[in-house]
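Reviewing the structure listed below.
Everything numeric in this text was worked out from a predicted model, so none of it was measured. By convention here, the first residue in the shown sequence is residue 1.
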Amino acid sequence: MDSFRRDGLTFDVRDAGPPDGEPVVLLHGFPQGSAAWDAVSPQLHRHGLRTLAPDQRGYSPMARPRGRKHYTLRETTADVLALLDAGGLENAHVVGHDWGGIVAWALGAWHPDRVRTLTALSVPHPAAMAKAMVTSDQALRLYYMGVFQLPFLPERLLLAQGGRAMRRMLRSGGLSREQAAHYVGRMREPGALSASLSWYRALPFQARDRVGTVRVPTLHVWSTGDAFLGRAGTEATARFVDAPYRLEILDDVSHWIPELAADRVAELVTAHVRSR
């Protein structure tokens, strides 16, 4: 399967590994795309796992609806359910990083019957994040989310001079020149950056869609070098999981865990999958 459809939108997906292997859905964040998992997926395949890595809403060229209301968490989680349905999968192991991690948390809370195990990279449970925003420096770390609410200006700043600012941000976090260039190139596609920023701009609609307690086996991976996500939300996350829960902390790794700690991610995910 190289694509699936939902509500008139077509999503690109990388479906690889043993066709009869246990399915693992890999959900990327901003501004990555499915290529974020390029170093992780082959290792999962060697352990007999099948991976499905979609380019999510806003990132697939034929899935960029206009208007922030199309990018709420209810929509983005429904996209993953459509992926499972298209693949004939009753459920799957779900791994998410950054925004993909938030989608994973929501799936674990709202649709536990479709999630065998949950692995969240970097991002804490949304309720733990909300608590950390008022009890720690977390709000300061996420100041850019307020900037992203502005119309037009973020696009101009990030894509000025061929995306120099975005490329510098990614390179400063440890991504290779090639990785940064790939992600910036994708964001320079017509409408791509505005659609991707709509995930942030949809936040005002999220208040009524509370992500409650997760009741599936959960692995949470956080890195001490993450400039965007602090320890407070990470340490508060366990109270929002009513199932076997493990926190794994990676020292001296920046926010870009799938790319910079691919070997460890593959090892942890494989063990988590095999333990259930």
Side-chain angles (χ1 to χ4, degrees), residues 24-41 44 53-54 56 59 73 76-77 80 93-109 115 117-133 136-145 148 166 169-175 179-180 183 196 199-200 203 206 211 214 218-238 240-241 245-269 272:
V24 180
V25 174
L26 302 171
L27 303 174
H28 66 82
F30 173 84
Q32 293 149 299
S34 58
W37 307 103
D38 279 357
V40 175
S41 295
L44 299 182
Q56 296 198 83
Y59 295 82
L73 198 51
T76 54
T77 54
V80 180
H93 303 276
V94 178
V95 181
H97 172 249
D98 191 74
W99 267 110
I102 295 177
V103 173
W105 283 118
L107 285 165
V115 181
T117 66
L118 186 158
T119 301
L121 307 182
S122 301
V123 291
H125 186 285
M129 171 87 80
K131 180 177 177 62
M133 293 281 280
S136 70
D137 67 347
Q138 186 57 68
L140 292 175
R141 289 172 177 262
L142 296 179
Y143 74 93
Y144 62 89
M145 294 175 69
F148 285 173
M166 181 179 288
M169 175 194 74
L170 297 173
R171 292 283 287 134
S172 68
L175 292 184
Q179 289 167 330
Y183 294 150
S196 302
W199 287 62
Y200 295 93
L203 283 170
Q206 309 288 24
V211 177
V214 169
T218 298
L219 169 65
H220 181 201
V221 183
W222 176 72
S223 50
T224 61
D226 196 319
F228 309 118
L229 298 160
R231 186 177 293 272
T234 298
E235 293 181 343
T237 287
F240 300 102
V241 181
Y245 171 82
R246 176 185 174 186
L247 170 63
E248 183 75 18
I249 297 178
L250 307 182
D251 290 325
D252 302 321
V253 177
S254 77
H255 177 71
W256 313 103
I257 292 176
E259 296 93 342
L260 302 181
D263 292 350
R264 186 59 176 148
V265 169
E267 178 185 355
L268 289 167
V269 169
H272 188 44

Is it the case that the side chain of [X] and the backbone of [Y] share a donor-acceptor pair, with hydrogens and angles ignored and the cut-off at 3.5 Å?
{"X": "Ser223", "Y": "Ser254", "result": "yes"}
{"X": "Thr237", "Y": "His125", "result": "yes"}
{"X": "His28", "Y": "Gly33", "result": "yes"}
{"X": "Ser41", "Y": "Asp38", "result": "no"}
{"X": "Trp222", "Y": "Leu247", "result": "no"}
{"X": "Ser136", "Y": "Gln138", "result": "yes"}

Answer yes or no: is there a side-chain heavy-atom contact under 4.5 Å between [X] and [Y]?
{"X": "Val265", "Y": "Ile257", "answer": "yes"}
{"X": "Leu118", "Y": "Leu107", "answer": "no"}
{"X": "Val24", "Y": "Val95", "answer": "yes"}
{"X": "Leu268", "Y": "Thr119", "answer": "no"}
{"X": "Leu142", "Y": "Phe148", "answer": "no"}

Inter- and intrachain pairs under side chain to side chain donor-acceptor pair (under 3.5 Å), touching residues 256-266, at least two apart: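 Sorted result for residues 256-266: Gln32-Glu259, Gln43-Asp263, Tyr183-Glu259, Glu248-Arg264, Arg264-Glu267.
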Roughly how far apart are Leu260 CG and Gln179 CD, rounded to 0.5 Å?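 Answer for the CG-CD pair, Leu260 versus Gln179, is 6.5 Å.
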Working to the nearest 0.5 Å, report the span between CZ of Arg231 and OG1 of Thr224.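 One finds 7.5 Å between CZ of Arg231 and OG1 of Thr224.
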Using the test side-chain hydrogen bond (donor to acceptor under 3.5 Å, both in side chains), find all partners of His255 that sit at least two apart in sequence or belong to another chain.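 Only Asp98, Asp226 meet the side-chain hydrogen bond (donor to acceptor under 3.5 Å, both in side chains) criterion with His255.
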Results of ring-ring contact (aromatic ring centres under 6.0 Å, His included) for Trp99 - residues two or more places apart only: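 In terms of ring-ring contact (aromatic ring centres under 6.0 Å, His included), with neighbours along the sequence ignored, Trp99 is linked to Trp199, Tyr200.
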Any idea how Tyr245 and His220 line up, ring-wise: parallel (<30°), tilted (30 to 60°), or perpendicular (>60°)?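 Tyr245 vs His220 ring planes: tilted.
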